[in-house]
2 protein chains.
Amino acid sequence: MTVTRRNGRDRIPPHPDVREIPLQQVLEALVDPVRRLIVSELYAAGADFSCGTIDLPVSKSTATHHFNVLREAGLIRQYYVGTSRMNSLRRDEIDEAFPGLLQALVGR
Amino acid sequence: MTVTRRNGRDRIPPHPDVREIPLQQVLEALVDPVRRLIVSELYAAGADFSCGTIDLPVSKSTATHHFNVLREAGLIRQYYVGTSRMNSLRRDEIDEAFPGLLQALVGR
DNA sequence: ACCAAAGTACGACCATCATCGAAGTTTGAC
DNA sequence: GTCAAACTTCGATGATGGTCGTACTTTGGT
């Protein structure tokens with residue numbers, strides 16, 4: 001049978017542009033308190049961090065799920081560094097797509 | 001047994017101030033598309049209207065439920081005129097409690 | 001080659017919630 | 001007093017989605 005070989009690049013999942021994501025989906029992503037916590041921390045930190053860095057009140061598999069939802073909504077970008085998955089907030093794109101939204105939700 | 005008499009005033013349910021409502025609850029109210037439609041229409045109309053005026057893609061009982069959720073989140077004010085229940089958007093209070101939020105969600 | 005660290009994938013479970021219809025209430029009109 | 005309009009209340013139902021544990025994958029270090 002065929003063996004599939006993968007490198008770091010292949011591990012990167014799709015990153016839709018938030019400007020093509022309906023408001024509904026963005027809101028559904030941001031309504032969950034755990035996900036809003038992630039976004040808030042990224043916003044406040046002003047820097048990327050790995051999934052494991054922030055400590056969330058949920059299990060690892062649930063955390064993975066939340067990061068996925070945020071990525072699929074176009075809100076964060078993810079990339080690998082070793083075994084760590086780094087996350088960055090796609091602030092400019094969000095601000096362009098939904099002006100004022102991030103500020104209103106995360107600026108407290 | 002005791003008969004309870006009610007007048008129009010007694011039919012008015014509690015109206016919490018949105019400034020005392022947690023962001024979480026406000027977001028949960030606004031994440032539903034039917035409720036966001038109601039808010040958008042109130043916002044665009046710039047005037048009050050009764051529950052039956054706007055035509056929603058749900059049954060009457062479901063509509064009642066949605067108006068209740070909005071009221072309990074401090075987003076709308078309700079009062080009776082005859083058998084009609086009028087609704088008004090509490091715009092100023094919302095803007096004060098969560099600056100930019102309404103604009104971001106409803107200004108399209 | 002081996003092992004540990006960091007995440008992911010996959011089911012399963014469970015709570016929440018949007019939805020409805022049917023029956024009830026309140027009001028205004030006649 | 002009767003009737004209709006407008007809305008509410010009350011269960012029931014069904015779908016969604018957040019949660020977890022277990023097993024698996026990938027990578028880096030030794």
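In what follows, chains are A, B, ... by sequence order, proteins preceding strands, each numbered from 1.
The nearest whole Å value for the distance from the CE atom in A:Met86 to the P atom in C:dA5 is 19 Å. In this structure, B:Lys60 atom NZ and D:dA4 atom P are separated by 14 Å, rounded to whole Å. Distance CD1 (B:Ile76) to C1' (D:dC7): 14 Å, rounded to an integer number of Å. Residue B:Asp32 contributes atom CG, which lies 13 Å from atom C1' of C:dT16 at whole-angstrom precision. A straight line from CD1 of B:Ile38 to P of C:dA18 spans 11 Å, rounded to a whole angstrom. Straight-line distance from the CD atom of B:Gln78 to the P atom of C:dT26: 17 Å, rounded to whole Å. Rounded to whole Å, the distance from OH on A:Tyr80 to C1' on D:dT25 is 10 Å. We find that CG of B:Leu56 is positioned 11 Å from P of C:dC20, with the value rounded to whole Å.
If you find the closest nucleotide of DNA chain D to A:Glu28 and to A:Thr83, the one lying nearer the 5' end belongs to A:Glu28. In terms of position along DNA chain D, the nucleotide closest to B:Thr64 lies nearer the 5' end than the nucleotide closest to the other residue of the pair A:Val34 and B:Thr64.
At least one donor-acceptor pair closer than 3.5 Å links the side chain of B:Gln25 to the backbone N or O of B:Glu72.
Among residues two or more places apart in sequence or in another chain, the side-chain contact (heavy atoms from CB on, under 4.5 Å) test is passed with A:Thr64 by A:Asn68. Listed by chain and number, the residues in a side-chain contact (heavy atoms from CB on, under 4.5 Å) with B:Val31 are A:Gln24, A:Leu27, A:Glu28, A:Val31 (sequence neighbours excluded). Scanning for salt bridge (Lys or Arg N to Asp or Glu O under 4.0 Å) contacts around B:Arg19 gives B:Asp17, B:Glu93, B:Glu96, with sequence neighbours left out. Residues that satisfy the side-chain contact (heavy atoms from CB on, under 4.5 Å) test with A:Leu101, not counting sequence neighbours, are A:Val26, A:Leu30, A:Phe98, A:Leu105, B:Leu101, B:Ala104, B:Leu105. With sequence neighbours left out, the side-chain contact (heavy atoms from CB on, under 4.5 Å) criterion links A:Thr62 to A:Val58, A:Ser59, A:His66.
Base engagement by A:His65 is indicated by at least one non-hydrogen atom pair under 4.0 Å involving a base atom.
A close approach under 4.0 Å does not occur between any side-chain nitrogen or oxygen of A:Ser84 and OP1 or OP2 of D:dT27.
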Any protein N or O atoms within reach of nucleotides 21-24 of chain D? Criterion: under 3.5 Å, listing atom names and distances.
from: D:dG21; atom 1: N7; to: A:Ser61; atom 2: OG; distance (Å): 3.3
from: D:dG21; atom 1: O6; to: A:Ser61; atom 2: OG; distance (Å): 2.7

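Distance from the side chain of B:Ser50 is smallest for D:dC7 among the nucleotides C:dG7, D:dC7, D:dC20.
Side-chain contact check for B:Tyr79 and B:Asp48: at least one donor-acceptor pair (N or O, by modelled atom type) lies under 3.5 Å.
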